[in-house]
Amino acid sequence: MMGYFKAGSFGDEKQELLEILDYYREGHVPLIVPVTLINHYVRKYDEPYLKYQVYLNPHPIELQLRNHA
């Protein structure tokens, strides 16, 4: 997904996202953390393709399925 963001304006944020992904891979943070960060970047950079990816928003917000263990 990072390939959809422009490299020049996404440099520091790319590093932050990579760190968060490492934390997720190591089991330190839940999946909702990197997904929320990616959603933030999608809105910030107005990335049209990623806006409509079901993976980033698979459930209606009212269900809060990713917020509970």
Side-chain angles (χ1 to χ4, degrees):
M1 290 183 186
M2 288 189 299
Y4 285 94
F5 300 106
K6 295 189 172 149
S9 59
F10 188 65
D12 292 337
E13 291 158 331
K14 179 180 178 181
Q15 186 59 41
E16 178 184 24
L17 181 55
L18 289 172
E19 289 173 13
I20 295 296
L21 290 171
D22 281 339
Y23 293 153
Y24 169 70
R25 191 182 72 247
E26 295 166 357
H28 299 297
V29 297
L31 179 60
I32 191 68
V33 174
V35 169
T36 300
L37 188 57
I38 292 169
N39 271 320
H40 169 73
Y41 295 148
V42 168
R43 287 189 308 274
K44 180 177 179 179
Y45 292 106
D46 195 32
E47 175 44 57
Y49 178 74
L50 294 179
K51 277 184 187 178
Y52 301 104
Q53 294 304 302
V54 175
Y55 182 81
L56 294 175
N57 296 291
H59 310 291
I61 192 72
E62 296 83 12
L63 295 179
Q64 298 180 357
L65 293 179
R66 288 199 174 163
N67 295 331
H68 304 285

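These numbers come from a predicted model, not from an experiment.
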So CD of Q15 and CD1 of I20: to nearest 0.5 Å the spacing works out to 11.0 Å
For K51, I'd like to know if atom NZ has over 12 heavy atoms of other residues, nucleotides or ligands within 6.0 Å. yes
Test of understanding: clusters of I, L, V, M, F, W, Y form through side-chain heavy atoms closer than 4.5 Å, transitively. Do Y55 and L21 belong to the same one? yes
Could you work out, with ring pair (Phe, Tyr, Trp, His ring centres under 6.0 Å) as the rule, every residue matching Y24, not counting sequence neighbours? none
Specify whether Y4 and Y49 have parallel, tilted or perpendicular ring planes, treating 30° as the upper limit for parallel and 60° as the lower limit for perpendicular. parallel
Spacing of CD belonging to E47 relative to CD belonging to Q53, to within rounding of 0.5 Å: 9.5 Å
Hey, what do you get for CE (M2) to CD1 (I38), rounding to the nearest 0.5 Å? 8.0 Å
Rounding to 0.5 Å, atoms CG (D12) and CG (L17) come to a distance of 12.5 Å
With a 6.0 Å cut-off (strictly less than), is the heavy-atom count around OH of Y23, excluding the residue itself, greater than 12? no
Check whether any side-chain heavy atom of Y41 sits under 4.5 Å from a side-chain heavy atom of M1, and report yes or no. no
Would you say the side chain of D22 lies within less than 4.5 Å of the side chain of R25, judging by non-hydrogen atoms? yes
Minimal heavy-atom distance between T36 and I32, with the atoms involved, is OG1-O, 2.6 Å
I need the minimum non-hydrogen distance between L56 and V42, along with the two atoms involved. CD1-CG2, 4.1 Å
